[in-house]
Protein chains: 4
Amino acid sequence: MTDRSTGQEDKRRLILDAAVHVFAQKGYHTSRVGDIAEEAGVAHGLLYHYFRSKEELLETIFRETWRDVLDAVRSVEESDESARDRLAGIAKILLRAWRRDPDLVRVLVREVTRSSHLQQRIDEIEAAFAGIERIIARGQEEGEFRSDLDPRMASYVFYGALEEILTGWVLGQLEDGVEAIARAEETVVEVICGGLAADRETAKV
Amino acid sequence: MTDRSTGQEDKRRLILDAAVHVFAQKGYHTSRVGDIAEEAGVAHGLLYHYFRSKEELLETIFRETWRDVLDAVRSVEESDESARDRLAGIAKILLRAWRRDPDLVRVLVREVTRSSHLQQRIDEIEAAFAGIERIIARGQEEGEFRSDLDPRMASYVFYGALEEILTGWVLGQLEDGVEAIARAEETVVEVICGGLAADRETAKV
Amino acid sequence: MTDRSTGQEDKRRLILDAAVHVFAQKGYHTSRVGDIAEEAGVAHGLLYHYFRSKEELLETIFRETWRDVLDAVRSVEESDESARDRLAGIAKILLRAWRRDPDLVRVLVREVTRSSHLQQRIDEIEAAFAGIERIIARGQEEGEFRSDLDPRMASYVFYGALEEILTGWVLGQLEDGVEAIARAEETVVEVICGGLAADRETAKV
Amino acid sequence: MTDRSTGQEDKRRLILDAAVHVFAQKGYHTSRVGDIAEEAGVAHGLLYHYFRSKEELLETIFRETWRDVLDAVRSVEESDESARDRLAGIAKILLRAWRRDPDLVRVLVREVTRSSHLQQRIDEIEAAFAGIERIIARGQEEGEFRSDLDPRMASYVFYGALEEILTGWVLGQLEDGVEAIARAEETVVEVICGGLAADRETAKV
DNA sequence: AATGAATGAGTTTTCATTCAT
DNA sequence: TATGAATGAAAACTCATTCAT
């Protein structure tokens with residue numbers, strides 16, 4: 001994800017970072033535009049110089065973040081790895097974001113459903129899902145994954161597992177820390193890839 | 001979940017149903033008390049006769065519904081089945097609720113599970129998670145599930161998979177319908193339970 | 001015109017009267033909604049209970065007033081008088097409004113053009129114009145007025161004369177007072193009806 | 001009126017023309033400084049290099065234009081014509097200006113003549129009225145016009161007739177076009193001068 | 001129990017104007 | 001001259017909640 005920590009960049013970035021911070025603390029609806037401006041150290045009017053509205057601010061955060069996620073997913077997709085390693089790579093990207101930028105993850109997790117009631121979920125999110133689905137489908141074609149399961153449904157299972165763990169961290173319900181993150185990665189990959197593995201197929205019968 | 005369809009109930013029920021409907025369409029924050037009253041066909045003042053505030057309305061919906069979910073989870077837990085069948089039972093309960101009352105599921109998924117304003121909510125959700133966790137842990141103890149994975153983490157994987165599929169339906173991005181629901185149940189159970197199965201354990205090494 | 005002075009009527013009337021007063025002092029754009037509420041002695045929120053917006057307030061003032069004017073024009077139209085007396089009657093109605101309710105005339109005169117840039121001038125105004133035009137046309141048919149002039153254009157000349165005199169009073173440029181009002185009536189009727197009189201027709205050649 | 005069409009002029013002229021255009025479309029209060037700058041193709045900051053404020057812009061338009069009107073009225077006043085021809089000359093000037101520069105007339109009629117914020121404006125408009133009044137008074141002295149009517153009041157009748165017709169064109173409610181303009185001139189002159197004519201005087205009695 | 005008029009705190013947004021570059 | 005980023009006062013409007021009836 002884009003580096004959001006320097007604060008030396010332009011005002012637009014400053015405002016965006018402030019918004020992430022404020023939204024993370026109070027939630028989108030409870031945050032006031034003035035809070036964001038104050039956090040950014042600018043007059044609130046300036047905010048409207050860069051963004052059309054408070055809502056566009058949230059949308060921009062979503063879009064920019066998911067663009068980065070999408071890029072990461074794509075580079076994983078293009079790598080020369082097994083399907084399992086590819087999914088592991090994606091799990092790593094998403095779960096480690098929590099360490100890198102908790103506020104951002106907080107906003108993303110708490111407001112996902114918010115952002116999507118106007119937008120049918122942002123295009124970028126859809127594209128990332130499609131990438132996961134492709135990885136699974138290719139794993140099936142190449143015999144690594146069992147092919148009797150719907151790859152689209154499976155991509156929801158995989159992504160849902162990751163998001164729920166992030167949510168657990170955000171809400172403070174799931175143990176946090178470097179070690180826990182590693183364990184989360186392992187669990188997700190073991191469970192999902194284990195369940196998807198080709199030698200499972202017969203087990204079903 | 002509680003029957004909400006007879007129309008014979010009192011005004012309180014009427015208001016509660018209207019709230020579910022309105023929250024489902026517009027989200028909690030964007031819904032106005034007046035909308036709910038209009039939907040219920042009563043004056044908005046009456047709402048304050050039965051509920052202390054708009055928030056109490058959401059809380060009530062959550063509590064009444066979640067109690068049903070909890071009951072269902074518990075009855076599954078107490079049943080005399082394999083761990084796999086128990087998880088399948090829970091998946092069935094949650095996914096089929098979608099058909100029965102999409103609005104209610106929408107509100108639960110979009111508003112309640114994510115947002116953290118009320119600590120109490122979190123506690124009750126925790127109880128459901130704990131039930132799932134116990135089922136998994138018992139599966140491990142009884143040798144049905146591999147025991148090298150964290151059951152708590154695994155319960156998040158399982159619940160997250162279900163919730164993401166519900167979200168896909170809520171947002172209209174995942175194919176809907178009776179057959180798709182069956183496929184969803186199968187996929188979740190196959191993947192998660194397959195990945196959790198005891199014979200996976202060695203595969204890891 | 002509707003009696004606006006009792007203040008014992010409903011709140012809606014109270015707000016409308018306050019709006020006339022405030023708009024008359026400061027002009028529509030310069031008046032704040034809060035001023036109107038304060039003048040009416042109600043919370044500003046109540047204003048939005050009765051009117052959709054500040055603009056609707058102005059529009060209502062226009063519409064209600066012109067409805068009254070229209071009624072007056074119609075009763076003149078139906079009277080059994082000469083065309084000249086009918087026009088004199090209309091002049092009397094409009095010019096004496098200045099004495100009866102200066103604030104209302106002030107608002108009407110100062111904001112006419114304002115009100116009409118969204119609305120193509122309110123329907124009621126158009127109808128009143130049409131009434132004047134019909135009176136002139138009938139005067140032509142019955143031989144009282146020369147028939148070589150466009151009655152529509154003539155109605156604009158007549159109404160414009162009246163409005164300009166009202167404007168002169170509003171802006172304080174034209175001598176005011178009971179006697180001046182009588183003089184104004186006389187001048188308008190003498191000039192316009194004199195110019196429209198049938199024996200003028202030949203004079204033109 | 002000043003030529004506003006060459007496009008060779010300086011930025012100041014450009015801004016002034018843009019302001020006339022924008023004020024004509026949206027009205028003074030509803031026009032934003034940014035709109036004017038955009039229409040002129042300059043940064044909005046530049047506007048403050050040439051004018052102290054948005055209001056000064058309107059004032060400048062008014063003053064520059066009205067000076068032309070005043071000059072025209074004066075040259076008519078000094079001409080060696082009958083009073084009737086003089087009034088016809090003034091009607092011609094004002095009504096034909098509409099064809100030459102509708103936007104400018106629109107602004108003059110809609111914004112300037114009515115609203116009273118600037119006392120100075122009123123004074124200058126007064127001068128034009130005074131010119132018309134003098135023409136009428138002289139017509140009375142020289143026996144061309146009946147002398148029993150108040151020349152000041154009559155000047156309002158005359159000017160009001162012209163302004164109302166302009167307004168009718170501005171609002172698109174009165175038929176427009178070269179021929180209609182000629183008809184308007186004729187109607188105004190015939191009616192007003194006919195009504196003012198000396199041989200009317202006895203008719204009154 | 002039921003209504004809906006009344007309240008007023010709270011918030012987003014607009015936009016004229018300034019000023020560093 | 002020219003730009004457009006930056007400011008912040010100002011205002012309309014919303015809506016949860018209260019309460020007289």
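Quick note on labels: first sequence line is chain A, next is B, and so on, each numbered from 1.
- Think of the region where chain C sits on DNA chain E: with heavy atoms and a 4.0 Å cut, that region ends 5' and 3' at E:dG4 to E:dA9.
- For DNA chain F, each stem of at least three Watson-Crick or G-U pairs (distances under 3.5 Å) is given as range with range: E:2-21 with F:2-21.
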Can you check nucleotides 13-16 of chain F for protein contacts, nitrogen or oxygen pairs under 3.5 Å, and list what you find?
{"from": "F:dC13", "atom 1": "OP2", "to": "C:Tyr48", "atom 2": "OH", "distance (Å)": "3.0"}
{"from": "F:dC13", "atom 1": "OP2", "to": "C:Lys54", "atom 2": "N", "distance (Å)": "3.2"}
{"from": "F:dC13", "atom 1": "N4", "to": "C:His44", "atom 2": "NE2", "distance (Å)": "2.9"}
{"from": "F:dA16", "atom 1": "OP1", "to": "B:Ser31", "atom 2": "O", "distance (Å)": "3.4"}
{"from": "F:dA16", "atom 1": "OP2", "to": "B:Val33", "atom 2": "N", "distance (Å)": "2.7"}

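- Distance check: A:Leu57 CG to A:Glu59 CD gives 10.5 Å after rounding to the nearest 0.5 Å.
- When every heavy atom of C:Ala24 is checked against every heavy atom of C:Val107, the shortest pair comes out as N-CG2, 3.4 Å.
- Pairs engaging residues 33-42 of chain D under the side chain to side chain donor-acceptor pair (under 3.5 Å) rule: D:Lys26-D:Asp35, D:Arg32-D:Asp35 [sequence neighbours left out].
- Residue pairs that meet the salt bridge (Lys or Arg N to Asp or Glu O under 4.0 Å) test with at least one member in residues 43-53 of chain D, sequence neighbours left out, are D:Arg52-D:Glu56.
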Problem set entry | Intermediate values then yes/no, salt bridge (charged side-chain N to carboxylate O under 4.0 Å, His left out), D:Glu64 and D:Arg12 | CA-CA 13 Å; D:Glu64 293 193 358; D:Arg12 185 177 177 282; 3.6 Å; yes

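- Proximity of the aromatic rings of C:Trp66 and C:Phe62 is defined here by a centroid distance below 6.0 angstrom, and this criterion is not met.
- The closest donor-acceptor contact from the side chain of D:Glu111 to the backbone of D:Phe23 lies at 3.5 Å or more, if one exists at all.
- Note on B:Tyr50: only backbone sugar-phosphate atoms sit closer than 4.0 angstrom, heavy atoms only; bases stay farther off.
- For the pair B:Lys54 and B:Tyr48, the cation-pi test (distance below 6.0 Å, angle within 45°) is failed.
- Listed by chain and residue number, C:Ile15, C:Ala18, C:Val42 satisfy the side-chain contact (heavy atoms from CB on, under 4.5 Å) test with C:Ala40 (two or more places apart in sequence, or in another chain).
- Using a 4.0 Å cut-off between a side-chain N of Lys or Arg and a carboxylate O of Asp or Glu, D:Asp10 and D:Arg13 do not qualify as a salt bridge.
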